[in-house]
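Notes follow once the structure below has been shown.
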2 protein chains.
Amino acid sequence: MEQRKISRAVISRLPRYYRYLGDLLEAGVERISSSDLSKKMHVTASQIRQDLNNFGGFGQQGYGYNVKYLYTEIGKILGLDRSHNFIIIGAGNLGQALANYASFERSGFILKSLFDVNPRLEGVTIRGIPVRMVDELKDFLKNNDIEIAALTLPKSKAIEVADILVDNGVKGIWNFAHTDLSLPKDVVVENVHLSDTLMKLSYNLCQQDKE
Amino acid sequence: MEQRKISRAVISRLPRYYRYLGDLLEAGVERISSSDLSKKMHVTASQIRQDLNNFGGFGQQGYGYNVKYLYTEIGKILGLDRSHNFIIIGAGNLGQALANYASFERSGFILKSLFDVNPRLEGVTIRGIPVRMVDELKDFLKNNDIEIAALTLPKSKAIEVADILVDNGVKGIWNFAHTDLSLPKDVVVENVHLSDTLMKLSYNLCQQDKE
DNA sequence: TAGATTGTTAATCGATTAACAATC
DNA sequence: TAGATTGTTAATCGATTAACAATC
């Protein structure tokens, strides 16, 4: 592949660009310069141009960037132009919160089922999507093409469930469990450790107090 | 203050150290070297020593680090040795998920109330903690010492609510709303944009496909 | 004391910013 | 054409890794 290796820092900025461009698009803005966008986003214009140029020349000298075009292109880079089937393991509060967040659907993430061990949740549906029991998981994966699984369950269960998922073809894990997973390197893991972010907030509050 | 400016990258690694040390502590491990810890965590020993030395010499040559001591010290750095009153604005699924996550309590984060606009939630309690109506928010803040607020509400409401919070003494905002907040610089904002993390996952899946 | 391992300095690597020629 | 703004190279800045003297 001629593709340069894109740094993690660049990738993690793309969703934010995408969000701002979406807002501009909604506001009916047709074009924007890196300089104007940089003021809105509180980053340097240099960084914007440098970031975008990792993927090709999306702009035009003397004009700037076409909002609609750039929005679409970043969407493609992020893989939002195709659909991704996903499931949620753990239908507790957090799992249900994710299941109810219909906006994912608009970005192409299609929720196919939730799973839980709690028999009281058997047969419950959320936005019409059923909660199944974890013992049906393996069968379900064999019969459905599931790309992504969100893990919203206690860390004690997370590791064994992750193994089942990976053994049955799941390629990406959105991990909310409070533990790191070690999985084959062709499996993509995105960790969301909520309590880590609360601790960072707490640290920064303490710093403020010192000033 | 003699305190050097600590980089954001270092801070964001602290909660992970804290988690691993907690696990070691639970497993009854008394001491650990940077080298052993580096193997567990898949980072370099150099980085661990460099990171910790930002805050002082917690180790001992020839011995390593005392797990209990280091755990406690990192806890102090993160401000987990004191308690932080917090509230949740938006008692939907995500707000309730956070409210039910009792582990925060163990780290010193004390949930005092939830707020919502939905009258059907009036009087509902979660783990004994009441949901109040947002129009009582200002009064509540005046009569209670609230340091942190989690924003788990639609972005359309987030900005105005954030202003009320800040005007009434809230110092830290844990922002789950899908928008950036621009607030006075003495207010600490920690953004948790869940959909951004899902997009990163999606990007990395696409990269895998190309290999 | 000898061995182990830190704390810390120096070297490397990578990411951000500045500058400007290319070009719409 | 002149002005604006990109794409891209070069300069700076910061973070990570390597190395080793200090020391328990």
Side-chain angles (χ1 to χ4, degrees), chain A residues 2-17 20-21 24 29-74 77 200 203-204 207, chain B residues 2-17 20-21 24 29-74 77 200 203-204 207:
Chain A
E2 31 77 56
Q3 189 147 6
R4 274 166 292 180
K5 174 72 188 160
I6 315 269
S7 86
R8 186 161 297 215
V10 174
I11 305 311
S12 63
R13 284 192 290 266
L14 289 182
R16 189 154 178 266
Y17 291 136
Y20 272 84
L21 288 164
L24 286 168
V29 177
E30 209 169 82
R31 67 189 184 95
I32 192 156
S33 67
S34 58
S35 154
D36 287 350
L37 187 57
S38 80
K39 275 166 211 144
K40 271 188 195 296
M41 295 185 67
H42 302 106
V43 298
T44 65
S46 239
Q47 182 165 75
I48 293 175
R49 294 204 298 277
Q50 197 73 276
D51 281 355
L52 297 178
N53 257 75
N54 281 296
F55 305 97
F58 296 140
Q60 197 168 89
Q61 283 97 332
Y63 171 88
Y65 298 88
N66 179 288
V67 171
K68 179 98 196 266
Y69 175 68
L70 188 54
Y71 178 78
T72 310
E73 288 304 310
I74 295 182
I77 294 166
K200 265 200 280 179
Y203 171 85
N204 287 316
Q207 290 312 105
Chain B
E2 30 78 58
Q3 188 146 7
R4 274 166 292 180
K5 175 70 189 164
I6 315 268
S7 85
R8 188 161 293 216
V10 173
I11 305 309
S12 64
R13 283 191 292 266
L14 289 182
R16 187 153 180 265
Y17 291 138
Y20 273 84
L21 289 163
L24 286 167
V29 177
E30 209 169 84
R31 67 190 184 92
I32 191 153
S33 67
S34 59
S35 153
D36 286 353
L37 187 57
S38 81
K39 275 167 212 141
K40 270 189 194 297
M41 295 184 67
H42 302 107
V43 297
T44 64
S46 238
Q47 183 165 74
I48 292 175
R49 294 204 299 278
Q50 196 74 275
D51 281 353
L52 297 178
N53 258 76
N54 281 296
F55 305 97
F58 296 139
Q60 197 167 86
Q61 283 97 333
Y63 171 88
Y65 298 88
N66 178 289
V67 173
K68 178 98 194 268
Y69 174 68
L70 188 54
Y71 178 77
T72 309
E73 289 303 310
I74 295 181
I77 293 165
K200 265 199 282 180
Y203 171 85
N204 287 316
Q207 289 312 105

Kindly express the pairing pattern of DNA chain C in dot-bracket notation, using | wherever a base pairs with another strand and counting only Watson-Crick or G-U pairs under 3.5 Å. ..||||||||||||||||||||||
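Of all the heavy atoms in B:Glu30 and B:Tyr63, the pair that sits closest is O-OH, 4.4 Å.
Between the side chain of B:Ser46 and the base of D:dA18 there is at least one donor-acceptor pair of N/O atoms closer than 3.5 Å. One cannot find a donor-acceptor pair under 3.5 Å joining the base of C:dT23 and the side-chain atoms of A:Gln60. Within 3.5 Å, a donor on the side chain of A:Gln50 pairs with an acceptor on the base of D:dT9, or the reverse.
Rounding to the nearest 0.5 angstrom, the gap separating the CG atom in B:Leu24 from the OH atom in B:Tyr17 is 13.5 Å. If you take CD1 on B:Ile11 and CD1 on B:Ile6, they are separated by 5.5 Å, rounding to the nearest 0.5 Å. One finds the CD atom of A:Gln207 at 7.0 Å from the NZ atom of B:Lys5 (value rounded to the nearest 0.5 Å). Taking CG from A:Leu70 and CD from A:Glu73, the interatomic distance works out to 8.0 Å, rounded to the nearest 0.5 Å.
Side-chain atoms of A:Asn54 come within 3.5 Å of backbone atoms of A:Asp51 as a donor-acceptor pair (strictly under, hydrogens ignored). Formation of a donor-acceptor pair under 3.5 Å by the A:Asn204 side chain with backbone atoms of A:Lys200 is found in this model. In terms of modelled atom types and a separation under 3.5 Å, the side chain of A:Arg16 and the main chain of A:Met41 share a donor-acceptor contact.
In this structure, the side chains of B:Leu52 and B:Ile74 come closer than 4.5 Å at one or more pairs of heavy atoms.
At C:dG7, one or more side-chain N or O atoms of B:Tyr65 fall inside 4.0 Å of OP1 or OP2 (strictly under the cut-off). Phosphate proximity of C:dG7 to B:Arg49: absent, as no side-chain N or O sits under 4.0 Å from OP1 or OP2.
Look at CG on A:Asn53: it is 13 Å from C1' on C:dA22, rounded to the nearest Å. Between the CD atom of B:Gln61 and the P atom of C:dA2 there is a distance of 19 Å, given to the nearest Å. Put simply, CD1 on A:Ile6 is 13 Å from C1' on C:dA15, counting in whole angstrom units. To the nearest angstrom, P of C:dA18 lies 13 Å from CD1 of A:Ile48. The distance from atom CZ of A:Arg8 to atom P of C:dT16 is 14 Å, rounded to the nearest whole Å. Per the geometry, CG belonging to A:Asn66 stands 15 Å off P belonging to D:dT5, to the nearest Å. Rounded to whole Å, the distance from CG on A:Asp51 to P on C:dT16 is 7 Å. Rounding to whole angstrom units, CG of residue A:Asn54 and P of D:dT8 are separated by 11 Å.
Contacts of A:Arg13 with the nucleic acid, taken as non-hydrogen atoms under 4.0 Å apart, involve only primed sugar atoms and P, OP1 or OP2.
Along DNA chain C, the nucleotide closest to A:Gly62 and the one closest to A:Ala9 are compared, and the more 5′ of them pairs with A:Ala9.
Using a 4.0 Å cutoff on non-hydrogen atoms, no part of residues 37-44 of chain B comes near DNA chain C.
A side-chain hydrogen bond (donor to acceptor under 3.5 Å, both in side chains) with B:Arg49 holds for exactly one of B:Ser34, B:Ser35, B:Ser38; it is B:Ser34.
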